[in-house]
**Q** 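Just dropping this structure here.
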Amino acid sequence: MPRTAEEIAAGLRERIHSGELQPGDRLPTMEALADEHGVSRQTARQALTILKNEGLVEYKGGRAGTFVRQKPATRMVRARAMERDNLGYYSGANVQHWRLIEGTRTEVGEDPVPADIAGYLGIEPGTPVVVRKRINGDPDVPAYRQLTDSYLHPDAVAAVPVIAGNSGLGGIYDRIEEWAQQPISWEEEITAITPSPAETAALLMPPGVPLLRVIRTSTVKVEGRQLVVEVNDIRFSAEVFSIRYPMTRRGEAKWPVQPASADFYTS
């Protein structure tokens, strides 16, 4: 019985994951796959397209054929911490030297706030808010780059209008702390998402690679309430980067610990 494109793709995918097919190895041609599985060339093409869309293979054109894609040999580990130098705050020592990607600039405009970002800001989805968008990265390594969209709470913009434009030395965080007369508190949430075609292109990513998404909230206490003044939506390639942070001991996990007194599987 002829196999479906999904079944053919599953077989090739297993050969890639098992290491039978190594990065750089050439896959069978569409004609060979069609003959092997008793299917049309169109079905064989669909099977290879599935793998291409997953980021597992790449088509090199002409008679070269389709190959198992070479992935980055190493990932850059992104340590998460707020640090500071003479330019202001930055999030981790290994990105201190990052700058705006050459030929780009910080774009500042007013957009309807997405529903998920609105939840962090505590405002209604679709509310017009000031957004600062940029793409920055390592000047020496083209693949080391990220997208950063900074959504500003309308109350913060009303109180500190300069953060909606040229915010001066130290950037928006210095202006916010000057206004609030207290340090910003930051918190981050890490998720993974499927990139849009525009994000894939901007980050120089092949199809099928997910994004790591870091949502960082900036909070200050204003007039007796905790106000999330900014939400930073940061996206970068999950294939090029990983995130590492220390695990802290809390409560009864602090050393020395008490002996366990119950069985996890029966309690």
**Q** Tell me the closest heavy-atom pair linking Ala44 and Ala34, and the distance in Å.
**A** CB-N, 4.1 Å
**Q** Could you list the cluster mates of Val108? Members are the ILVMFWY residues connected by side-chain heavy atoms closer than 4.5 Å, either directly or through other members.
**A** Met82, Tyr89, Val130, Leu152, Val157, Val160, Val162, Ile163, Ile172, Tyr173, Ile176, Trp179, Ile184, Trp186, Val220, Val222, Leu227, Val229
**Q** Sub-3.5 Å donor-acceptor pair from the side chain of His153 to the main-chain atoms of Asp155, do we have one?
**A** yes
**Q** Could you check whether Lys60 makes a cation-pi contact with Phe67, meaning its NZ or CZ is under 6.0 Å from the centre of the six-membered ring and within 45° of the ring axis?
**A**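 Judged by the rule (NZ or CZ under 6.0 Å from the ring centre, within 45° of its axis), Lys60 counts as positioned above Phe67.
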**Q** Using 0.5 Å steps for rounding, measure from the CZ atom of Arg41 to the OG1 atom of Thr29.
**A** 8.5 Å
**Q** Any link between Ile101 and Leu211 through a network of hydrophobic side chains (Ile, Leu, Val, Met, Phe, Trp, Tyr) touching at under 4.5 Å?
**A** yes
**Q** With a 4.0 Å cut-off on N to O distance, would you call Arg132 and Glu107 a salt bridge?
**A**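 No, this pair does not count.
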**Q** Between Ala47 and Ala5, what is the shortest heavy-atom contact and its length?
**A**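 Looking at all heavy atoms of both residues, the shortest contact is CB-O, 3.5 Å.
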**Q** In terms of side-chain geometry, is the basic nitrogen of Arg213 or Asp116 positioned less than 4.0 Å from the acidic oxygen of its partner?
**A** yes
**Q** Clusters formed by hydrophobic residues whose side-chain heavy atoms approach within less than 4.5 Å: which one holds Leu87, and what are its other members?
**A** none
**Q** Which is it for Leu56 and Val68 under the side chain to side chain contact (heavy atoms under 4.5 Å, CB included) test, yes or no, and what are the steps along the way?
**A** CA-CA 6 Å; Leu56 292 175; Val68 180; over 6 Å; no
**Q** So do Val39 and Leu33 actually touch side chain to side chain, heavy atoms under 4.5 Å?
**A** no
**Q** Over all heavy atoms of both residues, which pair between Gln42 and Arg45 is shortest? Give the atoms and the distance, please.
**A**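 Where Gln42 meets Arg45 most closely, the heavy atoms are OE1-NH1, 2.9 Å.
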**Q** Do Asn232 and Glu230 meet the criterion of a side-chain donor-acceptor pair at a distance under 3.5 Å?
**A**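 On atom types as modelled, these side chains qualify, holding a pair under 3.5 Å.
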**Q** Please enumerate all residues that pass ring-ring contact (aromatic ring centres under 6.0 Å, His included) together with Tyr120, with sequence neighbours excluded.
**A**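 With sequence neighbours excluded, Tyr120 shows a ring-ring contact (aromatic ring centres under 6.0 Å, His included) to no residue whatsoever.
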**Q** Hey, does Thr194 have a side-chain heavy atom less than 4.5 Å from the side chain of Pro210?
**A** no
**Q** Hydrophobic cluster mates of Met247, side-chain heavy atoms under 4.5 angstrom, ILVMFWY only, any path?
**A** Met76, Val95, Trp98, Val141, Tyr144, Ile190, Leu212, Val214, Ile234, Phe236, Val240, Phe241, Ile243, Tyr245
**Q** Below 4.5 Å, heavy atoms only, C-beta onward: do Leu48 and Val57 meet side chain to side chain?
**A** no
**Q** Does Glu124 have any salt bridge (charged side-chain N to carboxylate O under 4.0 Å, His left out) partners at least two apart in sequence or in another chain, and if so, which?
**A** none
**Q** So, the side chain of Glu199 versus the backbone of Ser196: is there a donor-acceptor pair under 3.5 Å, distance only?
**A**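 Present.
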**Q** Donor-acceptor check, side chain of Arg69 to backbone of Gly55, threshold 3.5 angstrom: yes or no?
**A** yes
**Q** Find the distance between OG1 (Thr4) and NE2 (His37) and round it off to the nearest 0.5 Å.
**A**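 Thr4 atom OG1 to His37 atom NE2 measures 10.5 Å (nearest 0.5 Å).
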**Q** Do Ile123 and Val113 have side chains that get closer than 4.5 Å, going by heavy atoms?
**A**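 Answer yes - side chains close enough.
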**Q** List the atom pairs, with distances to 0.1 Å, where a side-chain N or O of residues 250-261 and a protein N or O form a donor-acceptor pair under 3.5 Å, not counting sequence neighbours.
**A**
none

**Q** Give, for atom CG of Leu147 and atom CG of Asp233, the distance between the pair rounded to the nearest 0.5 Å.
**A**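 Between atom CG of Leu147 and atom CG of Asp233 there are 9.0 Å.
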**Q** What distance do Ile117 atom CD1 and Thr127 atom OG1 have between them, rounded to the nearest 0.5 Å?
**A** 13.0 Å
**Q** Kindly write out the residues that satisfy salt bridge (charged side-chain N to carboxylate O under 4.0 Å, His left out) with Glu54, not counting sequence neighbours, or none if the list is empty.
**A**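 Result, salt bridge (charged side-chain N to carboxylate O under 4.0 Å, His left out) vs Glu54: Arg13.
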**Q** Could you walk me through whether Leu27 and Leu12 pass side chain to side chain contact (heavy atoms under 4.5 Å, CB included), step by step?
**A** CA-CA 8 Å; Leu27 269 66; Leu12 291 170; 4.2 Å; yes
**Q** With Arg134, which residues qualify under salt bridge (charged side-chain N to carboxylate O under 4.0 Å, His left out), at least two apart?
**A**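 Partners of Arg134 under the salt bridge (charged side-chain N to carboxylate O under 4.0 Å, His left out) test: none.
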**Q** Yes or no on salt bridge (charged side-chain N to carboxylate O under 4.0 Å, His left out) for Arg235 and Asp149, after CA distance, side-chain angles and deciding distance?
**A** CA-CA 9 Å; Arg235 290 98 67 206; Asp149 296 348; 3.1 Å; yes
**Q** Quick one: side-chain contact (heavy atoms from CB on, under 4.5 Å) partners of Pro125, sequence neighbours excluded?
**A**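 Expected list: Ala115, Ala118.
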**Q** Before giving the answer on side chain to side chain contact (heavy atoms under 4.5 Å, CB included), spell out for Leu121 and Tyr151 the whole-Å C-alpha distance, their side-chain angles and the decisive distance to 0.1 Å.
**A** CA-CA 9 Å; Leu121 289 170; Tyr151 295 85; 4.2 Å; yes
**Q** So does Ala202 get a backbone contact from the side chain of Arg145, meaning a donor-acceptor N/O pair under 3.5 Å?
**A** yes
**Q** Counting neighbours of CD on Glu187 that are heavy atoms of other residues, nucleotides or ligands and sit closer than 6.0 Å, is the number greater than 12?
**A**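 Result for CD/Glu187: open.
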**Q** Between Glu188 and Arg80, is there a side-chain N and carboxylate O pair less than 4.0 Å apart?
**A** yes
**Q** Which distance, rounded to the nearest 0.5 Å, do you find between the CG of Asp25 and the OG1 of Thr66?
**A**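 It is 13.0 Å, given to the nearest 0.5 Å.
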**Q** Tell me every residue that passes salt bridge (charged side-chain N to carboxylate O under 4.0 Å, His left out) with Lys133, counting only those two or more places apart in sequence or in another chain.
**A**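 Once residues adjacent in sequence are excluded, the partners of Lys133 under the salt bridge (charged side-chain N to carboxylate O under 4.0 Å, His left out) criterion are Asp111.
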**Q** Quick one: which residue pairs count as a salt bridge (charged side-chain N to carboxylate O under 4.0 Å, His left out) with a foot in residues 166-175, not counting sequence neighbours?
**A** Arg84-Asp174, Arg175-Glu178
**Q** Just wondering, do Glu6 and Ile50 contact through their side chains at under 4.5 Å, heavy atoms?
**A**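 In contact.
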**Q** Would you please say whether a donor-acceptor pair under 3.5 Å links the side chains of Gln22 and Arg15?
**A** no
**Q** Show the nearest heavy-atom pair for residues Pro128 and Pro154, with the distance to one decimal.
**A**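 For Pro128 versus Pro154, the nearest heavy atoms are O-CG, 4.4 Å.
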**Q** To the closest 0.5 Å, what do you measure between CD (Gln46) and OG1 (Thr43)?
**A**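 It is 5.5 Å, given to the nearest 0.5 Å.
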**Q** Can you confirm whether Met205 sits close enough to Pro195 that some side-chain heavy atom of one is under 4.5 Å from a side-chain heavy atom of the other?
**A** yes
**Q** Taking all heavy atoms of Val77 and all of Arg244, pick out the closest pair and write down the distance.
**A**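 Closest heavy-atom pair between Val77 and Arg244: CG1-CB, 3.4 Å.
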**Q** For Arg75, which residues count as a side chain to side chain donor-acceptor pair (under 3.5 Å) partner, sequence neighbours excluded?
**A**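 Expected list: none.
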**Q** For a 4.5 angstrom cut-off between non-hydrogen side-chain atoms, does Glu110 reach Val131?
**A** no
**Q** Does the side chain to side chain contact (heavy atoms under 4.5 Å, CB included) test come out yes or no for Leu21 and Arg26, once each step is laid out?
**A** CA-CA 8 Å; Leu21 288 171; Arg26 190 174 189 271; over 6 Å; no
**Q** Do Pro206 and Val209 touch side chain to side chain, with heavy atoms closer than 4.5 Å?
**A**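 Heavy-atom side-chain distance check passes, below 4.5 Å.
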**Q** Could you tell me whether Asp85 atom CG has more than 12 heavy atoms of other residues or ligands within 6.0 Å of it?
**A** yes
**Q** May I ask you to check whether Glu102 and Thr104 show a side-chain donor-acceptor distance below 3.5 Å?
**A** no
